[in-house]
Structures are given as structure tokens and as C-alpha cells.
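Reading through the C-alpha cells given below for one structure.
Being a predicted model, the structure only gives us computed values, none of them experimental. By convention in this document, chain letters (A, B, ...) are assigned in the order of the sequence lines, proteins followed by strands, and residues within each chain are numbered from 1.
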Amino acid sequence: MTINVPRGTVDLFGKQLQLFNLIINTARDVMKVYCYDEIQTPIFEEYRLFERGVGETTDVVQKEMFIFGDDENRYVLRPELTAPVARFIVENTLNKQQDLIKLWYAGAAFRKERPQKGRQRQFHQIGIECVGADSPGCDVEVISVFESILQKLQIVTYKLYVNSIGCANCRKDYRNKIKEYYLPKLNKLCKDCNNRYERNVFRLLDCKVQSCRDERTDTPPMKSFLCRQCADFHKCVLDLLSKDGVKYIEDNFLFRGFDYYTRTVFEWRSSQLGAQSEISGGGHYDNLLADIGGDSLPGVGFACGVERLMILLENNNPLVPQKQLVYGIYVDEEQKDAIYSVISSVRAKGIPADMSFITKSVKSQMRQAGKQNAKYVCILGKDEADVGKIKIKNMSTGEEKLVEQNKIFDFLQ
RNA sequence: GUGGCUGUAGCUCAGUUUGGUUAGAGCACCUGGUUGUGGCCCAGGUUGUCGCGGGUUCAAAUCCCGUCAGCCACCCCA
């Protein structure tokens, strides 16, 4: 019987883990420059947080959450991190201590879905939330932060899509208009779109089925339904983006799956990811804080998928620096303890050192040293031990030196 | 939740169409070629419940049924 990793999860190890850490560390550097504070919230939360925050009709809340506990205490593994961060802000009334709250996070999220490329049941998000200012500048800053991360990671194969979905008021008018527009076309639309018509009309605007896209051609865009404030706000966001040199594509049919978004929404997509083309996404939210019981504060944020960034980066060959490793080799069993002492003293100096504890020929120990990409090997045999010396070999030049055992550090650099 | 594809050595896979001795290859690993010297080369060697369970058959990796797992895709999202 073998025990496997749970479905949709992976063990991170070796190169993959290096890549993972590279991404987190890069993000951390960028956050520092943009003056965001790191926050870590628990990996599980009360069920109600997501029911209220993300929305009880969303797919994520309806069918993708890992729920546990009992009727009195229902918990879920967090499916996203915006609602938990909002909860943190509300619970600690951070807005009473400062005007603008700028937080970033990196952590695992969980969704009970069928795994596929770029989609896991446990995945990791890096994200930020900027809460407290009703300014288009915040939306633009949030977008800039992720642009900056992409730049630092030298990722260029992506596109940024931006839209405004307005406030609750303008969206209500638009919803009616869309329903009216699609009503006579329902029999021409796919099964999913017929579903969407009832549950969330806007989603049928970005259906991938070609026949549905064909029916979309004359659809009035959201843009024409934005109220004065929302329209001004959106124009200001787009102007600032251009001034900031951020390249974006206006996508009037971009809508997102969480209920909390209002006004600005955005997504970064790459064609190199497989079907799950979204690298990162986010938007503005005016009602989330109030919805979960806090003061009415606007916010904006993004969340990116670390695993999706990893897919984009794993074709690049990261530079593997030559290892600063000293490998100890004993010729006979009698020198085993002595070479261990040598290794220990090297380690004590902070230099990586290793040896084989399995008695093998010098040849196989040399092979092991080569495999571990050692820079130097220290060879100790009877000949050397008798005169209190040790042989040091430089593995890249092949040069060998016989040196006093207490002077080896003069030769290891 | 739905659909398609794939499960054979540690890894990548061939062999399945058309059932037939002892299931192969490359890589990796180990040993040797050098009394105590890596990479390259050469010689040799180790490794398999052919995913699992059942059925058909003289005979099953191969055909049939079931089941599990993985991948990819739909929905939705990171």
C-alpha cells in the first residue's frame, strides 16, 4: 500500500521550491518599495466570512470550499485571502489608526476542484489590499505593484485587461438591459450560458463558445451604462495607467466571479499557461468591509497565483551557481573519524562540507563528490595521516596540494 | 459534478492494433577498467505484484467488465 499526496496538492522540492522562494522573495522586495506591510492570517476561517464576503451564490462558495467543524462552529479552509484580510482590518479597526491601510500577503488557499494545468486544490497566492481611500490612484498603484513584480521576474509574455463593472446602481440597469438583449437569443446559446442567464448574466458575455460569441456582437457595453461618478472614476484610472506607462487592453466584457467587486476590475493573462490563462486578477471593492460588519470603506487589491507564475518561469534556466562545497574522502576505514573532524571544522567556518558515511572505494567517493558539484575534496589516507598532512584537490583545475592539516583554510576559498 | 486521454524498472517511454517461450530500450544507480582520484569513454551488473480486482482462453502487459489513480479539458477561478 502506498500513501500519496492528497489530490490536487504537490510536494515542493529542489528546483521547484527554489523557484517558489524566488517568486515570494521578489514579491517581498517589491512590497517593501511600495510600502505595504505583510500580514499572515489563519489558514481557516469561519464559514460565514466567505458566505458574506465572497458571496453565497458564487461557484467558489457554493461548491468549492473545504468545510469542517460542526453546526455551532463551521469552518472552511480559506478559498481566497481578500476576505480574511478585510476581516483582519475590520476586527482590529485599523481604519481608526491610519487613513490608508496597505497590506500584502503570501499564503496557501484551498478549493475543492478537479485539478488541471495551473489549478490545484492547494495553491498559493501573493496579493495586496489597499483600503481606505476612494481614489483612482489606489487602483493604479495596485496594478503597478504587480506590473513591477512581473518586471522583476522578467516575465514579458502577458497582457493586462481592464474594465469597470460600475457600482451596484449602474450594474442593475445594465443587468436588465443584458437580460432583455439575450432573452430572444437563449435557444441559440450553450447550456452553460442558459445557466448563466439565471445565475449571473454578465458571465455569458465572456463565454468561450464561438456560437455564443457570435451572438454577442451587438451587445451594448457596460461602459455606456456607467453612472457619472463611475464613468469619471474609470476614465481617471485609465488616464493614470497611461501616464504611468502601463500597457493595458480595455475589455468591456471582463467580469469576475466574486460578488465584492465594484468599478475597476483587471486580469493579467498569458497564453503560455494552458486553459487557465489568468496569472493574476483583482479589482476595486466598495462594499466588502461593510458586508462583513465593518465601517464602509473602499478597497482595491489583486491576487496572483504563485504556481501559475512558476509555470511561466520554469522554462527559463535559472543560473546554477557553482557550489561552495568541500567534500571529505577517506582512503581506509581508519581515517573515517579523522576526516569527519576535518569536515566538522570546515562546517564550523560556515563553509558547506559533506562526506560519505558509507564505506566505499576512493573512486566512488570521488564520483559522489563530482555528483554533488564539490569545489574541493580533502583526501586523507595513511600516507597523509602519518605525516600530519591532508591532500586538497581543486575539482575544476584538477590541481592537488599536500598541506598541513591545521592550515587547510589557507587553501579553501 | 461532466467529458477525453494515460497507468509497463527509480525516471522517460517502446511493446497492446493481430493474445504465444525468460517483458525491453535510454537515462539513473552500482562495480570494474587505475595499490588511493570525479566529469568523458569502455566493459559488466542490479531493478518490475505490466495500477488494482474479476472474467474469457491451453495461454493475457495485450481481449472483455469493473475499480482506483494521474493528466488534460468544461464550469469557475489564482
In this structure, NZ of A:Lys152 is separated from CG of A:Leu150 (nearest 0.5 Å) by 12.0 Å

Exercise. Expressed as a whole number of Å, how far does the C1' atom of B:rU47 sit from that of B:rA23?
Worked result: 14 Å

Rounded to whole Å, the CG-P distance (A:Asp59 to B:rC74) equals 14 Å

Answer for the Watson-Crick or wobble partner of B:rC29, both distances under 3.5 Å, is B:rG45

Distance below 4.0 Å between A:Gln120 side-chain N/O and B:rA78 OP1 or OP2 = no

Is the A:Phe202 ring parallel, tilted or perpendicular to the A:Phe255 ring (thresholds 30°, 60°)? parallel

dist A:Glu129:CD -> A:Tyr105:OH (nearest 0.5 Å) comes out at 5.0 Å

Taking B:rC76, B:rG38, B:rG36 as options, the one with an atom nearest any side-chain atom of A:Glu113 is B:rC76

| said: Whether A:Lys112 contacts B:rG1 is assessed here as follows: a side-chain N or O lying under 4.0 Å from the phosphate OP1 or OP2. Is that the case? | reply: no

What are the atom names and distances for every N/O pair under 3.5 Å that joins the protein to nucleotides 33-35 of chain B?
residue: B:rG33; atom: N7; partner: A:Lys363; partner atom: NZ; Å: 2.8

A:Met395 atom CE is separated from B:rU37 atom P, nearest whole Å, by 13 Å

* With P as the reference atom in both, quote the distance from B:rA25 to B:rG44 in angstrom, rounded to an integer. => 12 Å

| query | Counting any heavy atom closer than 4.0 Å, what does A:Gly118 reach on the DNA or RNA strands: base, sugar-phosphate only, or nothing? | reply | base

The correct set of residues in residues 195-207 of chain A placing a heavy atom under 4.0 Å from RNA chain B is A:Arg196, A:Arg203

In whole angstroms, the gap separating C1' of B:rC74 from CD of A:Gln210 amounts to 17 Å

- Message: Just to be sure I understand the rule, does A:Lys371 reach a base, reach only the sugar-phosphate, or reach nothing, if contact means heavy atoms closer than 4.0 Å?
- Response: sugar-phosphate

Distance col, row A:Asn194:CG vs A:Leu186:CG, nearest 0.5 angstrom, shows 5.0 Å

Base, sugar-phosphate or nothing for A:Glu80? Non-hydrogen atoms, less than 4.0 Å.
nothing

Exercise. Is the gap between the ring centers of A:Tyr36 and A:Tyr34 under 6.0 Å?
Worked result: no

Mate of B:rG19 across any strand shown (Watson-Crick or G-U wobble, both atom pairs under 3.5 Å) is none

Going by an N to O cut-off under 4.0 Å, is there a salt bridge joining A:Asp59 and A:Arg199? yes

_Students often get this wrong, so: under 4.0 angstrom with heavy atoms, is A:Glu384 touching a base, only sugar-phosphate, or nothing?_
base

With sugar-phosphate meaning primed atoms plus P, OP1 and OP2, does A:Ile379 contact a base, only sugar-phosphate, or nothing at under 4.0 Å between heavy atoms? base

Check: Can a side chain N or O of A:Arg114 be found less than 4.0 Å away from OP1 or OP2 on B:rG1?
Finding: no

Nearest-Å distance once atom P is located in both B:rU46 and B:rC30: 16 Å

- Task: For B:rC40 and B:rU35, measure between their C1' atoms and round to the nearest Å.
- Result: 24 Å

As its Watson-Crick or G-U partner within any shown strand, both distances under 3.5 Å, B:rG70 has B:rC5

Given the side-chain rings of A:Tyr248 and A:Phe266, with only the six-membered ring counted for Trp, is the space between their centroids under 6.0 Å?
no

*B:rC71 and B:rC11: how far apart are their P atoms, nearest whole angstrom?*
15 Å

note: A:Lys63, atom NZ; B:rU2, atom P; distance rounded to Å ~ 12 Å

| request: Please measure how far the P atom in B:rG24 lies from the corresponding atom in B:rU16, and state the result in whole Å. | output: 15 Å

Between A:Phe258 and A:Asn4, the residue closer to the 5' end of RNA chain B by nearest nucleotide is A:Asn4

Rounded to the nearest 0.5 Å, the OH atom of A:Tyr285 sits from the CG atom of A:Leu297 at a distance of 10.0 Å

Distance check, C1' atoms only: B:rG15 and B:rA60, in whole angstrom units.
14 Å

Exercise. Under 4.0 angstrom, heavy atoms only, what part of the nucleic acid is A:Gln365 near: base, sugar-phosphate, or nothing?
Worked result: nothing

Re B:rC63: Watson-Crick or G-U wobble partner, both distances kept under 3.5 Å, found to be B:rG55

One should read off an interatomic distance between A:Arg121 CZ and A:Arg114 CZ, to the nearest 0.5 angstrom, of 8.5 Å

A:Ile329 atom CD1 is separated from B:rG39 atom C1', nearest whole Å, by 13 Å

Are A:Lys15 and A:Glu314 within salt-bridge range, i.e. N to O under 4.0 Å? no

Exercise for the section: With P as the reference atom in both, quote the distance from B:rG51 to B:rU34 in angstrom, rounded to an integer. Expected result: 44 Å

A:Gln368 atom CD is separated from B:rC30 atom P, nearest whole Å, by 7 Å

Taking B:rC72, B:rU37, B:rG32 as options, the one with an atom nearest any side-chain atom of A:Lys117 is B:rC72

Applying the 3.5 Å cut-off to both distances, the Watson-Crick or G-U partner of B:rC40 turns out to be none

Please state whether the phosphate of B:rC72, meaning OP1 or OP2, lies under 4.0 angstrom from any side-chain nitrogen or oxygen of A:Gln276.
no

ask   = Is A:Arg263 paired with A:Asp134 through a side-chain N to carboxylate O contact shorter than 4.0 Å?
value = yes

Output for pair (A:Met222 CE, A:Lys177 NZ), nearest 0.5 Å, gives 13.0 Å

| query | Distance check: side-chain N/O of A:Thr58 vs OP1/OP2 of B:rC76, anything under 4.0 Å? | reply | no

Between OH of A:Tyr261 and C1' of B:rC76 the distance, given in whole Å, is 13 Å

When rounded to whole Å, the OH to P distance for the pair A:Tyr330 and B:rG38 reads 17 Å

Review point. In terms of ring plane angle, is the pair A:Phe146 and A:Phe302 parallel, tilted or perpendicular, where the classes change at 30° and 60°?
Key: tilted

- Message: If you compare every side-chain N and O of A:Gln116 against the phosphate oxygens of B:rA73 (OP1, OP2), does one of them come in below 4.0 Å?
- Response: yes

Worksheet entry | Sugar-phosphate, base or nothing in reach of A:Ala275, heavy atoms under 4.0 Å | sugar-phosphate

Re B:rC76: Watson-Crick or G-U wobble partner, both distances kept under 3.5 Å, found to be none

